[in-house]
Structure formats: C-alpha cells, structure tokens
Amino acid sequence: MRPRAVILTGSRIEGADTRDALVEELDAYREAGGSVVLISQHDLPFRTVSIDNHGGARQLARALVGIGYRRFAMVRGGVGLRTSRDRCNGFVEGLREFDIDIDERFVVEAEFSRRGGCTAARELLRRGLDGTELVFAVNDVMAIGVMTTFRDAGLVPGRDVAVAGFDDIGPAVDVDPALTSVTVPLRQVGQRALEFALSDDDASRIVPVPTNVVLRGSTPRR
C-alpha cells in the first residue's frame with residue numbers, strides 16, 4: 001500500500017540472527033522512497049529515538065541507596081532481551097558505585113510480564129528472602145506481579161519488602177502502595193519519532209531520550 005513512513009518500536013533479542021535481514025528489508029524500503037525510524041536500541045543504521053534504559057536504572061539504584069536501602073534482589077527478563085539486560089546492567093552499576101552487589105541467589109529470570117513477576121516472586125520466597133530489603137523488577141508489570149505474590153504470602157509491599165519497577169505505566173499509581181518507578185516520556189518519544197518520519201532529512205542519527213526516577217510508597221525511606 002506504499003506507506004510514506006515506517007516507525008518500528010520495541011526491544012530486540014540477542015542471538016536471534018535477524019539483524020542483517022532486518023537491515024536489508026528496511027534499506028530496500030528506504031531506497032524505494034519510504035522513511036524509516038526506530039524506537040529502540042541505537043545500533044542499526046537508521047534514525048533512532050533511543051530510551052536510556054541503562055542510565056535510568058543506574059539513577060534508580062543511586063536513589064534507592066540514597067534513601068537507605070542496602071540489600072537488594074532483582075527480577076529480570078531473559079538474558080537475550082536487550083531492554084532487560086540494559087536495565088539490569090545499569091542497576092548493578094549504580095549499586096557498585098556504593099560497593100553494593102546483588103548475590104546471584106537473589107537474581108531471578110522470568111517472563112517479561114506480570115505473570116513472570118508472580119513466578120519470580122514465588123521463586124524468591126522459595127529461596128528465602130534472607131533480609132532482602134528491596135526487589136527491583138525490570139518493568140512495572142513484573143513489579144506489580146511481585147507485589148501481588150508477596151501480598152498473597154502475607155507480606156506487605158513497602159513495609160515488609162520494598163518493590164521498584166521501570167516504565168512508570170498508568171497502573172503504577174493505582175496499586176497500593178503506589179509503585180516507585182522510572183518514567184519513560186512516551187509522548188515525547190512518539191513525537192520525536194513522528195517528526196523524524198515526516199522530515200525530508202533521512203540521515204542516520206540518534207536522539208537519546210532521558211528517563212526520570214519517581215519515588216513512591218512502595219519504597220519508603222529507611
């Protein structure tokens with residue numbers, strides 16, 4: 001149907017052997033007169049709006065240490081999922097600035113969803129929280145799943161175990177307690193991508209979009 005532009009958004013899976021095929025397909029579309037914009041990681045040769053997953057998670061770790069947390073667990077997606085990996089690495093890097101590490105026993109991999117968060121929380125409970133003060137989940141829906149499972153187990157999120165997420169989705173302020181998160185300015189991301197798509201300048205470039213930490217009731221000051 002010959003659309004004028006394609007805006008491709010989403011994380012990418014490492015080791016899926018799709019990069020070359022994706023670049024080839026998008027290059028062919030661009031050579032035929034179309035405009036290509038990515039909302040994603042910034043390693044493909046197209047105009048890209050890049051979300052600072054690593055930096056946002058690093059800022060979150062610093063903020064949580066700043067309000068008194070020292071013993072952490074982490075719930076993440078599959079190691080091949082780049083969004084999850086970037087957020088994990090940023091969070092760990094932020095903690096190491098304060099000589100804090102997360103024991104591998106308290107790092108659980110699960111599906112990148114609310115159900116995955118529930119599964120991961122059950123696994124943490126099975127292993128034993130052993131003084132864990134805060135669980136960081138790499139997205140909000142996983143964090144909400146963690147909170148639900150803890151509550152079902154008789155723990156009060158924010159009182160017995162703090163929980164933090166990433167993305168600052170709408171329901172983050174509807175759960176009780178409200179979820180600490182990292183805001184991704186999705187409206188700004190969308191606007192920049194559309195401006196790129198409608199621009200006559202097709203040169204490859206990267207526009208980073210910063211994130212912002214929002215502390216709420218799920219991580220009270222210790």
Side-chain angles (χ1 to χ4, degrees), residues 51-77 83-84 86-88 90-95 97-98 100 102-103 106-108 110-189 209-222:
I51 297 167
D52 189 9
N53 288 304
H54 184 280
R58 183 177 180 181
Q59 292 175 30
L60 177 62
R62 290 170 172 170
L64 294 172
V65 173
I67 58 175
Y69 291 93
R70 298 294 183 271
R71 297 173 65 88
F72 296 86
M74 184 159 58
V75 173
R76 68 187 186 194
T83 296
S84 174
D86 290 348
R87 292 176 181 181
C88 288
F91 194 77
V92 168
E93 187 175 307
L95 293 182
E97 294 178 20
F98 302 91
I100 298 172
I102 303 178
D103 191 305
F106 301 112
V107 178
V108 179
E111 182 181 292
F112 205 60
S113 65
R114 181 180 181 278
R115 182 174 64 181
C118 292
T119 301
R122 285 193 293 269
E123 178 62 19
L124 284 172
L125 290 170
R126 187 192 68 80
R127 297 179 187 182
L129 294 176
D130 193 24
T132 296
E133 298 168 349
L134 186 145
V135 177
F136 166 59
V138 295
N139 67 27
D140 286 349
V141 293
M142 295 184 86
I144 290 171
V146 168
M147 293 172 69
T148 299
T149 296
F150 283 170
R151 190 176 289 109
D152 290 346
L155 301 173
V156 178
R159 186 188 73 186
D160 299 319
V161 185
V163 180
F166 200 115
D167 289 327
D168 200 21
I169 61 175
V173 296
D174 296 328
V175 294
D176 184 23
L179 180 64
T180 286
S181 191
V182 180
T183 300
V184 177
L186 295 178
R187 181 179 178 85
Q188 179 185 346
V189 169
V209 176
T211 53
N212 183 56
V213 173
V214 182
L215 299 176
R216 298 192 178 103
S218 68
T219 60
R221 180 178 292 274
R222 291 181 62 83

- Any idea which heavy atoms bring Val141 and Ile169 closest together, and the distance? CG1-CD1, 3.8 Å

- Test: Arg70 and Glu133 ion pair at under 4.0 Å: no

- Counting only N and O atoms by type, is there a donor-acceptor contact under 3.5 Å from the side chain of Arg127 to the main-chain atoms of Val108? no

- Query: Which atom pair, heavy atoms only, marks the closest approach of Arg221 to Gly66?
  - Reply: NH1-O, 3.8 Å

- Item | Flag, side chain of Ser218 to backbone of Val163, donor-acceptor distance under 3.5 Å | yes

- Item | Straight-line distance of Phe166 CZ to Thr83 OG1, nearest 0.5 Å | 9.0 Å

- ring-ring contact (aromatic ring centres under 6.0 Å, His included) partners of residues 132-157, not counting sequence neighbours, each pair once: Phe91-Phe136

- Close side-chain approach of Val107 to Arg76, heavy-atom, < 4.5 Å: yes

- Note on the structure: One should read off an interatomic distance between Thr219 OG1 and Leu134 CG, to the nearest 0.5 angstrom, of 6.5 Å

- Message: Has Thr211 got a side-chain atom pairing as donor or acceptor with Thr183's backbone, closer than 3.5 angstrom?
- Response: no

- Test log, rule salt bridge (Lys or Arg N to Asp or Glu O under 4.0 Å), inputs Arg87 and Asp52: CA-CA 9 Å; Arg87 292 176 181 181; Asp52 189 9; over 6 Å; no

- Determine the minimum heavy-atom distance between Ala178 and Val173, stating which atoms define it. CB-CA, 4.2 Å

- Task: Decide side chain to side chain contact (heavy atoms under 4.5 Å, CB included) for Ile100 and Val65; before the verdict, give the C-alpha distance in whole Å, the side-chain angles of both, and the deciding distance to 0.1 Å.
- Result: CA-CA 9 Å; Ile100 298 172; Val65 173; 3.8 Å; yes

- Task: Show your working on side chain to side chain contact (heavy atoms under 4.5 Å, CB included) between Ile51 and Val189 and close with a plain yes or no.
- Result: CA-CA 8 Å; Ile51 297 167; Val189 169; 4.2 Å; yes

- Item | Any Leu129 side-chain heavy atom under 4.5 Å of Phe106 side chain | no

- If every non-hydrogen atom of Leu64 is compared with every non-hydrogen atom of Ala164, which pair is closest and at what distance? CD1-CB, 4.3 Å

- Quick one: do Arg216 and Asp168 make a salt bridge, cutoff under 4.0 Å? yes

- Can any side-chain N or O of Arg58 pair as donor or acceptor with the backbone N or O of Glu93 at less than 3.5 Å? no

- Task: Could you pull out the closest heavy-atom pair between Gly165 and Ala143, with the gap in Å?
- Result: CA-CB, 3.9 Å

- Are Phe72 and Thr132 close enough that some pair of their side-chain heavy atoms sits under 4.5 Å apart? no

- Side-chain heavy atoms of Val209 within contact of Pro185, under 4.5 Å: yes

- Task: State, with a plain yes or no, whether a side-chain heavy atom of Asp130 is found less than 4.5 Å away from one of Arg71.
- Result: yes

- Could you go through the side chain to side chain contact (heavy atoms under 4.5 Å, CB included) check for Thr180 and Leu60 one step at a time? CA-CA 9 Å; Thr180 286; Leu60 177 62; 3.9 Å; yes

- Heavy-atom side-chain contact between Thr149 and Leu155 under 4.5 Å: no

- Query: Quick one: OG on Ser113 to CD1 on Ile144, what's the gap to the nearest 0.5 Å?
  - Reply: 12.0 Å

- Item | Contact check, side chains of Val75 and Val138, non-hydrogen atoms, under 4.5 Å | no

- Item | Pairing of Arg151 and Asp160 as salt bridge, 4.0 angstrom limit | no

- Query: Do Met147 and Leu179 have side-chain heavy atoms sitting under 4.5 Å apart?
  - Reply: yes

- Between Met142 and Ala110, what is the shortest heavy-atom contact and its length? CE-O, 4.0 Å

